[in-house]
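The structure appears right after this line, and notes come after that.
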Amino acid sequence: MVDALGVAVVGFGWMGRVHTQAYARVRHHYPHLPLRPELVAVAEEVPGRAEEAAERFGFASATRDWREVAADPRVHAVSITAPNFLHREIAVAMAGAGKHIWIEKPVGLTARDARAVADAVAGAGVQGSVGFNYRNAPAVEAARDLIAAGEIGTVTHVRIRLFSDYAAHPEGALTWRFERERGGSGVLGDLASHGADLARFLLGEIASLTADTAVFLPERARPTAATAGHSRAAGGEPGAVENEDYVSCLLRFASGARGVLEACRVSVGEQNNYGFEVHGTTGAVYWDFRRMNELGVSQGTSYQDQPVSTVHVGPGHGEFAAFQPGAANAMGYDDLKVVEAHRFLRSIAEGTPYGATLTDAVHSAAVLDAMTRSAERGAWVAPELPG
């Protein structure tokens with residue numbers, strides 16, 4: 001028997017749509033899932049946007065006030081895809097109302113925000129999942145397994161990159177993303193949070209780091225109307241960009257491995273150039289999000305001039321079999337969110353966490369806070385988990 005589960009989405013920009021579509025698709029790919037998500041409510045403060053979402057996707061009700069969702073007895077699980085500064089307040093309230101939460105990273109503005117959400121979820125006895133979607137790629141999971149099995153020897157160093165041009169245009173609107181009070185950090189929370197999670201997912205805990213940040217486009221125009229995504233605002237009143245466009249960071253892992261993490265939101269010529277290279281004493285493994293279903297692998301005993309093979313992931317890797325029947329049939333970004341939705345719903349059904357958890361979010365946020373401290377002090381610092 002399949003039980004219906006009332007779900008809601010709070011915040012209906014692009015990511016709210018992605019979550020909604022994942023709920024609609026999840027049982028197509030995971031037919032044995034014992035829960036059937038039903039789209040009960042959508043909340044979005046921009047006038048008309050929630051009603052449009054309800055009409056397009058079939059939500060039973062629409063509201064501009066997320067508090068109505070918290071009070072709605074039909075809602076059992078909530079996707080929180082609102083701006084960062086609202087994450088803590090909404091998530092704590094939803095957990096307090098007994099709702100399971102699937103929340104986008106970076107789960108607030110600081111590690112203390114992430115910890116508050118984690119504590120609220122634990123205290124309420126509900127499940128909490130976090131949107132670290134890149135770890136869900138079958139090739140990334142295959143890389144983790146290969147590293148853990150010692151297939152490239154002892155890991156010596158890693159390079160993680162997250163370069164994008166979404167904020168490169170000088171006419172990009174000065175939205176909440178560029179403000180400290182509402183966006184918190186800039187590229188740290190948006191892209192480097194994924195990098196911190198991937199680093200820990202692949203190689204374990206980060207013991208210390210040193211970071212440098214920069215703002216390359218210090219002024220933008222304020223939007224004169226509601227924005228979505230990365231809108232332009234030519235001619236609006238100019239305002240200062242308050243958070244970083246770029247970060248570079250050296251990492252020392254508890255294992256002794258070294259790393260470099262670099263992220264930028266204004267990299268002209270780069271569109272979603274995300275990936276990693278992990279080197280070990282006998283080999284290496286490479287992944288590029290733009291070729292998401294491939295893994296470069298170097299193994300053997302040659303050391304010098306050792307070749308790299310391209311592995312096309314297939315049904316034996318991660319969740320690939322839920323989407324495609326054979327290797328080299330491509331999965332895409334939205335599929336990673338379907339994987340995430342499945343793990344969230346499975347967590348609810350079984351009462352056991354699957355996938356990225358709020359503990360992972362706290363650790364990632366602690367790394368981001370450490371990057372900020374390091375950039376301010378010009379020194380090596382250790383990530384500190386809030387109590």
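This chain uses plain numbering: 1 for the first residue, then up along the sequence.
- Using modelled atom types and a 3.5 Å distance limit, the side chains of R290 and N273 yield a donor-acceptor pair.
- Between R36 and E38 there is a salt bridge, with a side-chain nitrogen of the basic residue lying less than 4.0 Å from a carboxylate oxygen of the acidic one.
- Without hydrogens or angle criteria, E319 side chain to P138 main chain gives no donor-acceptor distance under 3.5 Å.
- For an aromatic pair to be called close, the ring centres must be under 6.0 Å apart, and Y333 with W14 satisfies this.
- At a threshold of 4.0 Å, the pair K99-D72 does not count as salt-bridged, since none of the basic side-chain nitrogens sits closer than that to a carboxylate oxygen.
- Judged by distance alone, the side chains of E68 and T63 do bring a donor and an acceptor atom under 3.5 Å apart.
- No side-chain donor-acceptor contact under 3.5 Å links H19 and E340.
- For the pair R346 and Y354, the cation-pi test (distance below 6.0 Å, angle within 45°) is passed.
- Between the side chains of T81 and E104, no donor-acceptor pair is found at a separation under 3.5 Å.
- If you check the side chains of Y246 and S267, you find no donor sitting under 3.5 Å from an acceptor.
- With respect to the salt-bridge test (charged N to carboxylate O, under 4.0 angstrom), the residues D335 and R25 qualify.
- Under the 4.0 Å criterion applied to side-chain N and carboxylate O atoms, E376 and R373 are not assigned as salt-bridge partners.
- Salt bridge absent: R265 and D190 never bring a charged side-chain N and a carboxylate O closer than 4.0 Å.
- The distance from atom OG1 of T357 to atom NE2 of H363, rounded to the nearest 0.5 Å, is 8.5 Å.
- In terms of modelled atom types and a separation under 3.5 Å, the side chain of N243 and the main chain of R177 share a donor-acceptor contact.
- A salt bridge between E244 and R180 is present, with a side-chain N of the basic residue lying under 4.0 Å from a carboxylate O of the acidic one.
- Residues L251 and L368 are members of one and the same hydrophobic cluster, defined by side-chain heavy-atom contacts under 4.5 angstrom among Ile, Leu, Val, Met, Phe, Trp and Tyr.
- Between N136 and E141, the side chains place no donor N or O within less than 3.5 Å of an acceptor N or O (distance only, hydrogens not considered).
- Considering V40, V10, V7, L5 in turn, V40 is the only one that fulfils the side-chain contact (heavy atoms from CB on, under 4.5 Å) rule with V75.
- Rounded to the nearest 0.5 angstrom, L198 CG and R135 CZ are separated by 8.0 Å.
- A salt bridge does not link R182 with E242: every distance from a Lys NZ or Arg NE/NH1/NH2 to an Asp or Glu carboxylate oxygen is 4.0 Å or more.
- Atom NE2 of H194 and atom OH of Y134 lie 5.0 Å apart (nearest 0.5 Å).
- Hydrophobic clustering keeps V158 apart from L250 (ILVMFWY residues linked when any side-chain heavy atoms are closer than 4.5 Å, directly or through intermediates).
- F344 and W102 have tilted rings, their planes meeting at an angle from 30° to 60° on a 0 to 90° scale.
- With salt bridges taken as basic N to acidic carboxylate O contacts below 4.0 Å, one links R159 and E277.
- R144 CZ to F201 CZ: the interatomic distance, rounded to the nearest 0.5 Å, is 4.0 Å.
- With values rounded to the nearest 0.5 angstrom, L202 atom CG is found 10.5 Å from L146 atom CG.
- R64 has no carboxylate O lying under 4.0 Å from a charged side-chain N of E44, or vice versa, which leaves the two without a salt bridge.
- No salt bridge links R49 with E52; every basic N to acidic carboxylate O contact stays at or beyond 4.0 Å.
- Taking the six-membered ring for Trp and thresholds of 30 and 60 degrees, F12 and F57 have ring planes inclined between 30 and 60 degrees apart.
- Here the CZ atom belonging to F163 is positioned 7.0 Å from the SG atom belonging to C264, to the nearest 0.5 angstrom.
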